[in-house]
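Here's the structure, in structure tokens; my notes come after.
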Number of protein chains: 2
Amino acid sequence: MTLQPILINGTWQQATGPDGDFKAHNPATTEPLDHDYPVSSWGDLEAMLTAAQEAVVALRDTSPEMLADFLYAYADLIDVHKAELVQTAHLETALPAETRLTGELGRTTNQLRQAGDATRARTWVTATIDTSANIRAMYGPINGPVVVFGPNNFPLAFNGVSGGDFAAAIAAGNPVIAKGHPSHPRTTQLLAELALEAINKTDAPKALVQMFYHTSNENGLKLVSHPITGATGFTGSRGGGMALKAAADEAGKPIYLEMSSVNPIVILPGVLDERRDDVAQELYASCTLGAGQFCTNPGLVLMIDSDDAQQFVQSVKDRMEANEPAPMLNESGVKTLQQGVDNWAEHGATRITGGHAMDAEGFKFAHTLYTVPGETFLANSEALQKEAFGATSLIVLAKDAAELKSLIEALEGNLTGCFYSAESGADDALYDDLVPILRTRVGRLLNDKMPTGVAVSPAMQHGGPYPATGHPGFTSVGIPAAIHRFAAWYSYDNVRPHRLPPELKDKNPTGTMWRFIDLAWTQSDVG
Amino acid sequence: MTLQPILINGTWQQATGPDGDFKAHNPATTEPLDHDYPVSSWGDLEAMLTAAQEAVVALRDTSPEMLADFLYAYADLIDVHKAELVQTAHLETALPAETRLTGELGRTTNQLRQAGDATRARTWVTATIDTSANIRAMYGPINGPVVVFGPNNFPLAFNGVSGGDFAAAIAAGNPVIAKGHPSHPRTTQLLAELALEAINKTDAPKALVQMFYHTSNENGLKLVSHPITGATGFTGSRGGGMALKAAADEAGKPIYLEMSSVNPIVILPGVLDERRDDVAQELYASCTLGAGQFCTNPGLVLMIDSDDAQQFVQSVKDRMEANEPAPMLNESGVKTLQQGVDNWAEHGATRITGGHAMDAEGFKFAHTLYTVPGETFLANSEALQKEAFGATSLIVLAKDAAELKSLIEALEGNLTGCFYSAESGADDALYDDLVPILRTRVGRLLNDKMPTGVAVSPAMQHGGPYPATGHPGFTSVGIPAAIHRFAAWYSYDNVRPHRLPPELKDKNPTGTMWRFIDLAWTQSDVG
């Protein structure tokens with residue numbers, strides 16, 4: 001049996017003494033797909049670290065323009081190979097090809113090009129010049145490869161070898177060691193082939209991008225805490241993220257995690273009166289998008305119980321039952337979801353619909369809705385905030401406004417939080433009372449809109465308070481902000497003018513780069 | 001015996017069931033000073049956390065102007081009480097009153113006012129507006145009190161209740177729980193009295209500033225990892241910092257540490273030829289400043305061995321022997337320094353002068369210089385990079401340029417690193433070869449200048465790679481950059497215009513605040 005090769009230092013190579021092998025499965029049929037892939041042993045990862053260390057040195061002499069060229073060339077190649085990528089990702093994930101994956105591919109190339117634009121514009125380095133003290137500072141690479149662990153739910157836009165963490169790490173001038181997700185290895189391999197082609201086209205360092213498909217948990221911990229490693233970006237489960245965080249923290253290595261989030265939606269009474277069924281439709285659509293496998297899936301709804309609220313529950317239920325569930329990404333997703341839903345039931349929630357895997361072809365789980373009284377939620381708030389990752393939602397029915405407030409106070413850190421309120425202003429007093437509490441518990445606050453769309457915007461916060469992520473000051477989506485995660489802050493004190501980096505010399509290196517000179521932002525030269 | 005009170009929620013109170021008591025000592029005489037201070041039990045800290053949580057809520061309705069007024073009022077009060085503060089700090093630290101402490105007081109008030117200016121200007125919040133997506137984001141408070149542990153070596157400018165971490169935490173809109181250093185409790189108490197007076201003058205929340213003098217290590221760990229705590233700033237030893245870091249990391253609480261640093265000085269051959277004695281004088285002066293108790297003290301010098309280098313060593317030795325050492329801050333400083341110097345000797349370094357405590361009045365340690373061959377350093381590089389905190393320096397003599405390069409490659413993360421090179425350009429080729437290696441190992445790179453001056457500049461990096469600090473992307477000195485440590489990034493997606501914070505509304509709230517609108521920095525309104 002020949003295993004698919006991994007990408008080390010610009011060359012596709014057989015894994016050395018792999019710790020096993022695996023196949024991906026078509027989630028729509030549960031059948032195994034072609035190709036066998038290696039589970040990398042430590043030797044593979046060590047070879048990548050050694051090559052990456054050389055790339056770190058080579059990148060010191062690489063201009064921002066070359067990195068931007070690489071990011072653009074890579075995006076262009078992804079566009080050229082769009083059909084094959086979308087088809088492959090569809091086979092491995094069962095996500096709809098025409099709508100979802102085509103859109104996701106556009107998001108991916110857009111993100112890479114935005115990172116390229118940021119690299120070229122150089123504003124992200126926050127060049128800061130104090131002319132009177134003659135001290136100057138800027139962000140630069142973090143001095144080690146960035147390890148990126150991609151999740152299973154976005155095979156293109158969050159892939160370790162093409163997604164947001166990847167783009168941000170490269171834009172900051174770091175090489176990337178990408179771990180593909182074992183659910184979509186062929187998609188990852190195709191992307192890595194294009195990344196290598198872009199490296200060769202633009203003469204970027206060979207080890208700018210390296211890739212393996214899978215490794216043991218133990219090797220993962222070793223990788224994020226290795227002396228050569230600069231930092232890590234991780235998107236995935238809370239369990240996996242917490243284990244990696246502990247290892248990286250102990251070694252003093254920055255790690256950015258996007259873990260679980262239930263993304264509370266607070267629906268105030270007035271909006272139910274105005275447009276109950278519209279909101280029910282929005283919740284249904286957002287909750288079931290991509291079989292519910294979005295980090296920002298609305299998994300928890302908070303509202304005050306009433307006839308309107310009961311009819312809202314019925315309206316969501318009807319929509320869930322009227323539509324067939326889409327296949328989930330893999331078998332383990334179905335199992336984990338079952339555990340999540342069973343956990344709700346064990347802690348006093350009532351099944352409204354679904355709650356079980358489907359006896360059908362593919363990895364399918366019934367659209368699922370549960371409700372729970374506010375009092376019960378408060379008594380079990382930790383258990384009932386555990387993510388059930390899928391097309392499922394738990395509606396908490398508070399007995400009154402005071403209890404609704406208590407529910408929000410009991411929330412953990414989340415990526416997003418949303419208020420639906422009446423256009424008429426009928427909910428405004430309640431909104432004003434509740435919003436400060438929700439605001440501090442979420443990274444992104446929404447009004448009148450479900451959270452599943454995560455725009456690649458400079459003003460995005462795809463992050464939030466622990467345990468949604470490891471640090472509330474950083475975002476994993478949004479350029480330039482996301483780039484700073486993989487950068488260090490370097491100061492130059494009395495360094496002779498000709499020795500300064502171009503970004504800190506008196507003359508503006510591009511003529512348009514924004515710099516923070518004597519506490520004012522400007523595109524001018526110094527003096 | 002009456003113990004001095006601690007500051008909880010706007011009231012000076014007796015510690016509840018203290019875990020012991022202590023006195024400060026005059027380092028110049030080793031005699032105990034007046035007053036007895038409590039070692040706080042957990043009850044005190046818990047009361048502070050509870051009060052701080054209320055202050056967090058109150059601060060949501062506090063304008064940036066009020067916080068700026070508080071910072072200015074506090075600075076003004078420190079100026080008014082300058083004589084008493086300097087005299088008290090002098091008694092507790094033996095640092096020279098007229099030169100050092102008067103200067104440090106000016107730095108302290110300057111820093112508080114700079115923080116006030118930043119709060120008023122609001123540019124630090126990095127208001128980011130994406131008009132096409134209608135997503136807006138800004139930094140805001142981290143949603144919990146900031147615990148600040150002040151070090152012993154700067155009783156005013158880094159004091160937990162008045163220093164850089166304090167100013168940054170308040171500027172970000174957080175209450176502070178300050179732990180004073182037990183070496184200068186009376187100075188800390190006086191400062192806290194002025195902070196409370198400033199709170200009362202400006203109607204700031206009562207628990208904006210709370211203070212205790214001392215607690216057990218166990219309570220320290222509990223405090224930084226407590227659910228109510230927002231973040232921690234720590235300046236001190238590596239041992240203490242690492243223990244706090246482990247506790248905070250495990251609880252998912254941000255912690256910023258400034259730990260040990262040996263601050264390598266690389267002296268290239270050409271500059272010895274040009275001005276050997278000048279550089280020797282600069283090293284001597286920087287090394288012995290404040291009895292060597294600066295975080296940026298030049299504790300490690302790297303040079304190529306030669307007749308010039310030997311004469312340089314002699315020149316530093318002569319200066320060290322010609323001057324009496326100043327008292328150190330406390331007895332434990334002398335003991336720790338002795339261990340540090342003994343550690344050098346155990347790992348092959350040769351004593352040139354000093355190396356022992358002085359048999360004199362006060363906590364004094366002889367000016368100390370050791371040398372070690374490059375080869376020996378490389379064989380013991382971890383041990384010989386351990387900080388010996390005091391007026392001591394270890395000069396490593398490389399046999400040639402290649403070995404000098406290896407020495408730099410062996411360096412751990414440091415706050416600063418410096419090159420002295422010839423004006424003639426004779427060292428430029430060597431500089432160019434070495435600088436990329438040193439650059440990535442230090443936060444602040446200097447030319448032709450010792451690192452002990454840490455300007456409060458927006459371009460300062462008083463930070464650096466682990467283990468000098470816990471994260472290379474943050475600085476503890478320099479406004480506005482230092483403020484971001486105690487902030488979270490909050491995004492507003494489709495939030496109705498009248499509900500946005502003033503900083504994110506279309507209209508610029510001050511008319512002069514810099515905002516990042518559609519990827520350009522501007523002081524204009526949106527649209």
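Each chain gets a letter, A, B and so on, in the order its sequence line appears, and its residues count up from 1.
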Where on [X] is there a heavy atom nearer than 4.5 Å to chain A: the side chain, the backbone, both, or neither?
| X | answer |
| --- | --- |
| Ala118(B) | neither |
| Lys245(B) | side chain |
| Tyr431(B) | side chain |
| Gln114(B) | neither |
| Ala246(B) | neither |
| Thr512(B) | neither |
| Val57(B) | neither |
| Arg499(B) | side chain |
| Pro436(B) | both |
| Gln523(B) | neither |
| Ser457(B) | both |

Margin query: Heavy-atom pairs under 4.5 Å with chain A - which of Ser421(B), Pro254(B), Gly453(B) has more of them than the others?
Written below: Ser421(B)

Next item on the list: Under 4.5 Å, counting heavy-atom pairs only, tell me which of Asp249(B), Asp130(B), Asp432(B), Ile479(B) racks up the most with chain A.
Entry: Asp249(B)

Euclidean distance, [Y] [atom2] relative to [X] [atom1], rounded to 0.5 Å:
| X | Y | atom1 | atom2 | result |
| --- | --- | --- | --- | --- |
| Asp448(A) | Glu282(A) | CG | CD | 8.5 Å |
| Ile437(B) | Ile408(B) | CD1 | CD1 | 6.0 Å |
| Thr452(B) | Met450(B) | OG1 | CE | 8.0 Å |
| Leu411(B) | Asn263(B) | CG | CG | 11.0 Å |
| Arg444(B) | Cys418(B) | CZ | SG | 9.0 Å |

Check: Arg120(B): what forms a side-chain contact (heavy atoms from CB on, under 4.5 Å) with it, not counting sequence neighbours?
Finding: Ala68(B), Asp69(B), Tyr72(B)

Next item on the list: Let me know if Ala121(A) has heavy atoms under 4.5 Å from chain B in its side chain, its backbone, both or neither.
Entry: neither

Margin query: So does Asn447(A) get a backbone contact from the side chain of Asn494(B), meaning a donor-acceptor N/O pair under 3.5 Å?
Written below: yes

Checklist line | Ala482(A) backbone acceptor or donor facing Thr475(A) side chain under 3.5 Å | finding: no

Does the side chain of [X] reach to within under 4.5 Å of the side chain of [Y], using non-hydrogen atoms?
| X | Y | value |
| --- | --- | --- |
| Gln461(A) | Leu415(A) | no |
| Leu438(B) | Leu445(B) | yes |
| Thr416(A) | Val442(A) | no |

Mind ranking [options] by heavy-atom pairs under 4.5 Å with chain B and telling me who comes out on top?
| options | result |
| --- | --- |
| Pro451(A), Gly144(A), Ala422(A), Pro467(A) | Ala422(A) |
| Lys449(A), Arg496(A), His462(A) | Arg496(A) |
| Ala251(A), Gly413(A), Ser132(A), Ala127(A) | Ala251(A) |
| Arg441(A), Arg485(A), Lys253(A), Arg60(A) | Arg60(A) |
| Thr522(A), Asp518(A), Asp493(A), Thr128(A) | Asp493(A) |
| Val56(A), Val435(A), Thr440(A), Asp117(A) | Thr440(A) |

Checklist line | Intermediate values then yes/no, side-chain contact (heavy atoms from CB on, under 4.5 Å), Tyr420(B) and Leu268(B) | finding: CA-CA 6 Å; Tyr420(B) 276 81; Leu268(B) 300 183; over 6 Å; no

Next item on the list: Might you work through the side-chain contact (heavy atoms from CB on, under 4.5 Å) test for Thr123(A) and Leu519(B), ending with a clear yes or no?
Entry: CA-CA 9 Å; Thr123(A) 297; Leu519(B) 296 179; over 6 Å; no

Note to self: Is the ring pair His471(B)/Phe474(A) parallel, tilted or perpendicular, if the boundaries are 30 and 60 degrees?
What the structure shows: parallel

Checklist line | Parallel, tilted or perpendicular: ring planes of Trp124(B) versus His484(B), cut at 30 and 60 degrees | finding: tilted

Margin query: Just to be sure I understand the criterion: a residue of residues 133-143 of chain B counts if one of its heavy atoms is under 4.5 Å from a heavy atom of chain A. Which ones qualify?
Written below: Ile135(B), Arg136(B), Ala137(B), Tyr139(B), Ile142(B), Asn143(B)

Next item on the list: Report the C-alpha distance between Phe486(A) and Tyr256(A) in whole Å, list the side-chain angles of each, state the deciding distance to 0.1 Å, and finish with yes or no for side-chain contact (heavy atoms from CB on, under 4.5 Å).
Entry: CA-CA 9 Å; Phe486(A) 303 119; Tyr256(A) 305 94; 3.8 Å; yes

